[in-house]
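Right, one structure below, let's go through it.
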Amino acid sequence: MSVKKLSKESLLNWVDEIISTKKKVYGVQKHKDKTDRFEFAPLDSTADLRLDYDVTVLPPKKYFQPPTETLVAFDLKGGYKAACDTEKFIVIGIHPYDMIAINQMDELFQKDNYDSHYMTRRNNATIIACDVATASKDIFASSMKTATVKKGYDILLTDIGNGYVAEAATKKGQLLLDKAKTEKASDADIKARQAVWENNEKNLNKHPLNCQPSEVSELLEKAYNHPVWEEKAKTCFSCGSCNQVCPTCYCFNVHDDMNWDLKSGDRKRTWDGCLLDGFTKVAPDHEFRAKKSDRFRHRLYRKGKYVPSKIGGQIACVGCGRCIGACLPDIANPVKVYNRLLEDTSAVKK
Amino acid sequence: MSKKIDINVKHLTRVEGHGNIIVNATDGKVEKVEWQVPEAPRFFEAMIRGRSYEDIQLIVSRICGICSISHSLVAIKSVENAIGINISEQTDKIRRLLHYSEQLQSHVLHVGYLVAPDLFGVKSVVPLVSAAKDAVLTIVKAHRVANEWSELLGGRVTHPVTIRPGGFTMLPSEKQLKELKETLTNLVPDLMAIVDVVLSVANQLPAFTRETEYVSLREKDFYAFYDGKIVSTDGHTEEVCNWESVANEYVSDQSTAKWAKWHRSSYAVGALARFNNNYEQLADVAKDIAKKFGLKKGCCNPYMNSIAQLAECGDVVVNAIKLIDELLTAGIKQEKIDGKPKKAGRGNAAIEAPRGILFHSYTFDEKGICLGGNLCIPTNQNHGNIQKDFEKIVPEIIDQGQDAVRQKLEMLVRSYDPCISCSTHMLDVQFVK
Amino acid sequence: MCECCGQDKDIYLPQLATVNKARMMNGTELYLNLSMDAEPLDYKPGQFVEVSIPGFGEAPISISSSPTQKGYFELVVRKIGNVTSMIHKLKIGDKIGIRGPFGNGCYPIEEAKGKNLVFICGGIGLVPQRSFINYVLDNRSDYGNITVLLGTKCHTQRFFHSELRQWSQRSDIRLLETVDEKDDCWQGNVGVVTTLIPKIESELGSAFTFICGPPVMYKFVIMALAEENVSRDRIFVNLERKMKCGVGKCGHCQINNFYVCVDGPVFRCSELAVAPEAI
Amino acid sequence: MNKPRVAVFDFACCEGCQLQIVNLEEQILDLIGAVNVVEWREAMSEQSHEYDIAIIEGSITRPEDEEKLWLIRSRAKILIALGACATLGGINKLKNNFDLNDVKKCVYGKDASKPHLYTELTKAVDEVVEVDYKIHGCPIEAKEFISIIRSLLIGKKPEIPEYPVCVECKAKGNPCLWEYGQLCLGPIIRAGCNARCPSAGHRCYGCRGYINKPNVEAAKDVIEKYGLSVEDLKSKMVLFGSRQDNTL
Ligand SMILES: Cc1cc2nc3c(=O)[nH]c(=O)nc-3n(C[C@H](O)[C@H](O)[C@H](O)COP(=O)(O)OP(=O)(O)OC[C@H]3O[C@@H](n4cnc5c(N)ncnc54)[C@H](O)[C@@H]3O)c2cc1C
Ligand code: SF4
Ligand code: SF4
Ligand code: SF4
């Protein structure tokens, strides 16, 4: 599919049109309470859209796996009925690292058993991704090889200064892009986009990882009993903040809610976190991962080893840096942990 | 055989807090009439000592669940007064708007849930549901609207969280304010429907009067709820900083709450006091409501307090809409809160809680640590007046028999909309034959 | 097929089953015999189902019957919390929601052919093992000697009495039992289940051993087997973890790299070498 | 099935938690449809001694209240502590930080020794009688109240969160208030309020009490990092945690 160019103005007009014709459009904008931060939220006006944002407080996973969703409706008499979100929607402004996280989730939610709740929403979404224009304070996407993205989106926008290069990757995307006033991207435009990519692949790197992301899994094989887990977890609140803000965390809890008739109700799933006390607790009162340090280690193994083994070796940390900001005692930074292990194991080698 | 009346209502129901009513009479001769407040005392003035100026609002809000917004706002005003913090016009306006929401919420709750059952001759709002479902649903709706309004601005209906010394931690968006305005505009007919329902049973309100000094705030530009000077129907005026010379609090053996008196042996505060002092400033719709019930300035029938509350609901809605318009015209601006203490000293503030004038004073050191405080709650100020009303009304109605006397006394106390957990806590009538 | 997404199966949607039989087996265990209302349950020994009680939630429960028995399946449920308490209230004819069968790690039906089999069960751990034991009994000629070691806390907590009696009377299966607590009414062995292991020393050499019981049991049994030089790739453990979905998504049952629900619940012990959290 | 009989009682408190029940608005009709409210002084005049579920609001400050509570316990099958005053002792417990005579003098002056002003150290309900369930919060959250009551009505043990406020705060997409200089207690306080205060821009001040294993050491570390002192934390915490402050 061809590569187009949009002037800044025609981009705005295009978004205007999208907002006026589609029911559900979400886009990156200033956080409603804290105006120095950004969030994905329903986009009412094109003027609110901020494609120059650094990072959003929550990743866009909330549109694919909402914090709370109904899985089935039940009725004491009539049994169970599947509940499904079937509305079509558009998300504007997903950064490459978040896109890659969604690509990973797609694989995980289809693997073993096809999760129709996640996948229905995923299939109903049109994603307009955009390349990073402003580096956030903790981003390390370059280290994780997630600074640019090649698939998953329907349209990718790249700000090249005098306009946007837009490339549709799907038919859905092409149809949508056709509505914009575009011109064919010139060689210079394509080169400018390449330059943005090259720059991002190098410079979105506030916390450089001292090895290839694909090597982390092997690194962890030797680190299971390393003292770093105990040391760091000493100040862990077990608050699950790192889980909640992470674009690649998808563990959930399930609970039933009754209606007032006490005969019908909903079975819901809500975000959960493997760092939380009680995550592995079973009746009567046995907890399998009771130690904070074990839970702390579990998360970093999940990102670096367990999930990668399910998705062809890709590391399940996309370097968005959200957990770094979310963690009060400042222990969540995956790079710091992996680098520390690297140092120690290479020290052992020497 | 002598005819004995012995009323002993322990823990009066449908009031906020615990209060008792005691009447002993033999052959129409009244031997004892007593209004008691046995609520467990809670010692707020003692508990705030040593706390930071930032926490005072959080603590004293817990004096009362029903008027927590008034408590929070007056506490903050007093704190700001003490340590020299200024606030913006926007903050002042949003605080007033928040305060209006509580008036509406509390008045609807009081008239609709607590007083209406008396007028309909039932024991609670529950049987009213079958008798007058539409009326109840309208009351519930008005109550919900008021609560959602409080929540929008205060972050929570009870014990608001957004207000702090210097400003708000969260502001409503212009969109939300527009929606609120629309909701309030649509509420007016519902309010009128409630007025009509109450009007249909208004003949159940006893015709009793007793010359009373009514005390409230008065403010230049508003029918006073949020601010002003202290005034009384006896023509006295006093600055808020001298409130202690108005309230003259004393400890009564009948009560765990303190009582108050000014020029007479007791005075009354509340909606009727505000109405009597500031009638002219009421919005027209409020005056119309009052007219429907024949309520006029200078009324000394305590049972009419509930009607004054209804009238005030009209005023609140109309003036809230005006305030919203002003806020929208100016546009909502994010402000940086400068809430650090500028000086040490004592601060005083008054506000009209739904049930009457409320005073808070605090003293802070230069770090903003509270050295002490004094609070005077509306219901405290009414306790003495309730007792005086009792003393006058019981001989007048003693012939009507125990049940009627009991019923009228309960209604009398309820009409004051007492908040006994505020004053400490509430009510119970006792009778013997 | 789902109306909204067009998928043929919603993995979270329970299917209705009917209770054919329900009876208490002792103070805490309920026996249930169920049939699916629509498609019969097509399962393998070692798999489990999610039993659903509207308003209460779901509980993963092992299938205790052998797939050789057609037209119904059996569960044994211990009353322990919200869902299991409600399961205990079920009566004959009641409808109940079932998801599953789940679990890819099942008993090694094929590989175990021709081998001697040893089942080591602690208490309710007999329940899932029973599925394979009965499967083997129904395909008796395919397998070698069968030995069942069963430890129960106290003799009043034993269940499947008549079935156990039958086994002990059969010549083609050997049952050894023990109870933890000494009691006048119990004439058999006393002591934890590991005390039975030396008694079957001769069986262990080339046998496939299957362990299922309370979490604390595994470590000690495996240690005891190690003393008898039983190789870890012939030991199978049936593990239990907290579960919320049963289909490899919710993350609660994860043991290092494994999800008990999709990779287990039956694991070969040698494969768990990379999963220190397992035992 | 007979509707369970419910009675509501209050002790030293602001009655704000009962008010949240009133604030169920339209849903109060559903509540009344599902249970038989036999006593509720704040809202109705009927009274009864026969009830299955007793809901207790407020903390216990006087011997006569203790006696009344014992009586209620002996009559109720299920006893629920409603709100921070009942579950923790609430704000009322602040007075336990002072000498009692001094507290009385401070409020009542020379009259402090009058018998009806008698007070004792404030106690939470479970310091006097056994409590079956706690509905946390100052005030309680209507939503949580509803879900707990519905659970009890179908005979299910209600699920009361053991995780901290941060979980709900993050799920709502709030930036953390620590980054804006507020000493928020979210990481060590039990969730269930849907991060009520942080979502309104105000730090959590702990009205739902500690989670089961609060990492107070970590809290100390963090406040140092943010240039505050443990004393600051303590003073914030004891607003609602007077009884728990030995952990600090
Ligand atoms: C693979 C597998 C097979 C099982 N087979 C049986 C069986 O055959 N018979 C039997 O009686 N029990 C079995 N259990 C244990 C049974 O699942 C739990 O006792 C049951 O989930 C407790 O649920 P509850 O709602 O009654 O308890 P609650 O304490 O109220 O539990 C609430 C929720 O927590 C989770 N949970 C709590 N305990 C466990 C647990 N031990 N395992 C998994 N999830 C738990 C569940 O999601 C449950 O719904 C099995 C567990 C697993 C994992
Ligand atoms: S682990 Fe941290 S940096 Fe990595 S994807 Fe998750 S939140 Fe982002
Ligand atoms: S604001 Fe408070 S509750 Fe929210 S994440 Fe930060 S510490 Fe936790
Ligand atoms: S955020 Fe904290 S203080 Fe606020 S309601 Fe929740 S627990 Fe209470």
Side-chain angles (χ1 to χ4, degrees), chain A residues 71-72 74-77 79-86 108-109 111-120 123-124 221 224-225 249-259 262-265 267 269 272-274 278-284 286-289 294 298 301-302 305-306 309-310, chain C residues 2-16 37 50 52-59 78-84 95-97 99 102 104 214-216 239-263 274 276-278:
Chain A
L71 293 176
V72 285
F74 54 77
D75 191 316
L76 288 193
K77 292 193 306 285
Y80 305 85
K81 215 174 157 287
C84 242
D85 250 347
T86 53
L108 292 160
F109 273 104
K111 205 182 157 61
D112 296 326
N113 294 286
Y114 186 93
D115 189 308
S116 53
H117 298 264
Y118 174 91
M119 286 310 295
T120 303
N123 292 330
N124 279 329
E221 251 158 50
Y224 201 73
N225 295 315
C249 273
Y250 61 98
C251 292
F252 57 82
N253 200 352
V254 179
H255 72 272
D256 282 13
D257 264 353
M258 267 289 175
N259 297 333
L262 305 181
K263 293 191 177 75
S264 61
R267 180 161 294 159
R269 74 167 155 204
D272 207 335
C274 61
F279 185 76
T280 55
K281 192 154 137 198
V282 297
H286 182 80
E287 190 163 357
F288 286 98
R289 215 176 289 120
D294 289 355
H298 182 74
Y301 268 69
R302 237 185 104 94
K305 187 169 188 311
Y306 307 153
S309 76
K310 289 185 190 292
Chain C
C2 173
E3 306 146 26
C4 41
C5 61
Q7 276 296 311
D8 35 312
K9 208 167 134 222
D10 182 332
I11 48 174
Y12 302 109
L13 188 66
Q15 304 298 321
L16 290 185
D37 287 4
E50 285 279 353
S52 170
I53 302 283
F56 289 76
E58 295 183 305
R78 174 173 291 182
K79 181 172 173 172
I80 210 150
N82 272 329
V83 179
T84 47
K95 299 279 175 201
I96 187 170
R99 288 194 297 128
F102 296 131
N104 299 322
V216 287
L239 297 181
E240 195 176 293
R241 285 295 184 275
K242 176 157 175 169
M243 273 179 201
K244 281 296 173 185
C245 72
V247 291
K249 310 283 181 230
C250 80
H252 287 88
C253 72
Q254 196 176 8
I255 300 175
N256 300 100
N257 209 11
F258 301 114
Y259 276 61
V260 172
C261 63
V262 291
D263 302 319
V274 293
E277 289 179 335

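Because only heavy atoms are used, hydrogens play no part in the values below, and waters and symmetry mates are left out as well, while side chains stay in.
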Study note, to complete from the structure: Scored by heavy-atom pairs under 4.5 Å with chain A, the best of C:F258, C:F102, C:Y259 is C:Y259
**Study point:** Main-chain N/O of C:E277 paired with A:R289 side-chain donor or acceptor, under 3.5 Å
**Key:** no
Check your understanding: Between CZ of A:F74 and CG of C:L13, what distance do you get to the nearest 0.5 Å?
Key -> 13.0 Å
Practice item. Tell me whether the guanidinium CZ or amine NZ of A:R267 lies under 6.0 angstrom from the six-membered ring centre of C:Y12 and within 45° of its axis. Key: no
Exercise for review: Select one option (side chain, backbone, both, neither) describing which atoms of C:Q15 are under 4.5 Å from chain A's heavy atoms.
Suggested key: neither
Review point. If you measure from CZ on C:R241 to CZ on A:F288, what distance do you get to the nearest 0.5 Å?
Key: 4.0 Å
**Study point:** C:Q254 side, atom CD; A:C274 side, atom SG - distance, nearest 0.5 Å
**Key:** 8.0 Å
Review point. Can you find a side-chain donor-acceptor pair between A:N253 and C:H252 that sits under 3.5 Å?
Key: no
Study note, to complete from the structure: Honestly, the part of A:S309 sitting under 4.5 Å from a heavy atom of chain C is side chain
Practice item. Measure distances from A:F109 to the heavy atoms of chain C and classify the residue's part below 4.5 Å as side chain, backbone, both or neither. Key: both
Review point. C:K242 and A:F279: which non-hydrogen atoms are nearest, and at how many Å?
Key: CD-O, 3.6 Å
Point to revise | Selection from A:K281, A:K263, A:H255 maximising heavy-atom pairs under 4.5 Å formed with chain C | key: A:K281
Check your understanding: If you count heavy-atom pairs under 4.5 Å between each of A:D294, A:D75, A:D272, A:N123 and chain C, which one has the most?
Key -> A:D272
Check your understanding: When rounded to the nearest 0.5 angstrom, what distance separates NZ in C:K95 from NZ in A:K77?
Key -> 15.0 Å
Exercise for review: Step by step, work out the side-chain contact (heavy atoms from CB on, under 4.5 Å) result for C:M243 and A:V282.
Suggested key: CA-CA 9 Å; C:M243 273 179 201; A:V282 297; over 6 Å; no
Exercise for review: With rounding to the nearest 0.5 Å, note down the distance linking CD1 in C:I11 to CG in A:L71.
Suggested key: 9.0 Å
Point to revise | When C:G251, C:G97, C:C250, C:C253 are compared by non-hydrogen pairs under 4.5 Å with chain A, the top option | key: C:C250
Check your understanding: Looking only at atom types and distance, does a side-chain atom of C:K249 sit under 3.5 Å from a main-chain N or O of A:N113, one as donor and one as acceptor?
Key -> yes
Check your understanding: Which residue out of A:G79, A:P284, A:G265 racks up the most heavy-atom pairs below 4.5 Å with chain C?
Key -> A:P284
Check your understanding: Are any side-chain N or O atoms of A:D256 and backbone N or O atoms of C:G57, one a donor and one an acceptor, separated by less than 3.5 Å?
Key -> yes
Exercise for review: Tell me, for C:P215 versus chain A, whether the close heavy atoms (under 4.5 Å) come from the side chain, the backbone, both or neither.
Suggested key: side chain
Review point. Can you tell me if NZ on C:K79 sees more than 12 non-hydrogen neighbours from other groups inside 6.0 Å?
Key: no
**Study point:** Residue, of C:I96, C:N257, C:T84, that accumulates the most heavy atom pairs under 4.5 Å with chain A
**Key:** C:N257
Exercise for review: Look at C:V274, C:N256, C:V262 and state which one has the largest set of heavy-atom pairs under 4.5 Å with chain A.
Suggested key: C:N256
Point to revise | Selection from A:D257, A:L108, A:D115 maximising heavy-atom pairs under 4.5 Å formed with chain C | key: A:D115
Exercise for review: Sort A:V254 into side chain, backbone, both or neither according to what part of it lies under 4.5 angstrom from a heavy atom of chain C.
Suggested key: both
